[in-house]
Undergrad: 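Take a look at the following structure, please.
For reference, positions follow the sequence shown, starting with 1.
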Amino acid sequence: MSRLFEPDDVFHDGELAVQERDGSKDSVGRFGYRMVRPFMPDQHRDFFEMLPFVVVGMIDEAGQPWATFASGKPGFI
């Protein structure tokens, strides 16, 4: 199987630092590229379309992370 991404392309610097600290970087790097893809499978699209909410995350101007929910009738996404 060819890789879509290299391990360092899949995870951001913070994730790589945690993996390095807990000793999992090599093992996670071997399969992480299979979990992160440049597309969304149809079954995932169908699932997310049925949800009445979505979690939204962002970083503000000061670098503070924020998360919230947006909701509506299934299909609003």
Side-chain angles (χ1 to χ4, degrees):
M1 169 185 258
S2 65
R3 290 183 174 216
L4 299 172
F5 302 103
E6 290 301 316
D8 288 349
D9 294 334
V10 173
F11 302 108
H12 64 69
D13 292 342
E15 290 170 314
L16 292 170
V18 169
Q19 293 167 15
E20 185 73 37
R21 194 172 21 225
D22 74 9
S24 66
K25 186 175 179 186
D26 290 337
S27 62
V28 172
R30 283 194 293 274
F31 68 84
Y33 69 92
R34 289 186 234 165
M35 296 184 299
V36 179
R37 304 175 211 151
F39 62 91
M40 184 180 290
D42 289 339
Q43 66 191 26
H44 294 181
R45 279 183 236 261
D46 295 341
F47 171 73
F48 287 119
E49 232 176 60
M50 294 185 305
L51 292 177
F53 67 90
V54 63
V55 179
V56 181
M58 64 210 83
I59 304 287
D60 68 17
E61 302 83 24
Q64 176 70 39
W66 293 87
T68 189
F69 285 91
S71 64
K73 292 181 181 176
F76 83 101
I77 298 175

Undergrad: So how far is it from Leu16 CG to Ser24 OG, rounded to the nearest 0.5 Å?
TA: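 Interatomic distance, Leu16 CG to Ser24 OG, rounded to 0.5 Å: 10.0 Å.
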
Undergrad: Between Met40 and Phe48, is any pair of side-chain heavy atoms under 4.5 Å apart?
TA: yes

Undergrad: Quick check for you: to the nearest 0.5 Å, what is the distance between Gln19 atom CD and Asp26 atom CG?
TA: 9.5 Å

Undergrad: Please report the closest heavy-atom contact between Trp66 and Gln64, naming both atoms and the distance.
TA: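 Between these two residues, the closest heavy atoms are CD1-O, 3.1 Å.
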
Undergrad: Roughly how far, to the nearest 0.5 Å, is CG of Asp13 from CD of Glu20?
TA: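 Between Glu20 CD and Asp13 CG, I get 12.0 Å after rounding to 0.5 Å.
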
Undergrad: Where do Leu51 and Phe76 come nearest, in terms of heavy atoms and distance?
TA: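 Where Leu51 meets Phe76 most closely, the heavy atoms are O-CE2, 4.1 Å.
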
Undergrad: Would a single hydrophobic cluster contain both Val56 and Phe69, if residues Ile, Leu, Val, Met, Phe, Trp and Tyr are joined by side-chain heavy-atom contacts under 4.5 Å?
TA: no

Undergrad: Count I, L, V, M, F, W, Y as connected when their side-chain heavy atoms are under 4.5 Å apart, and connections chain through other members. Are Val55 and Ile59 then in the same cluster?
TA: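 In one cluster: no.
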
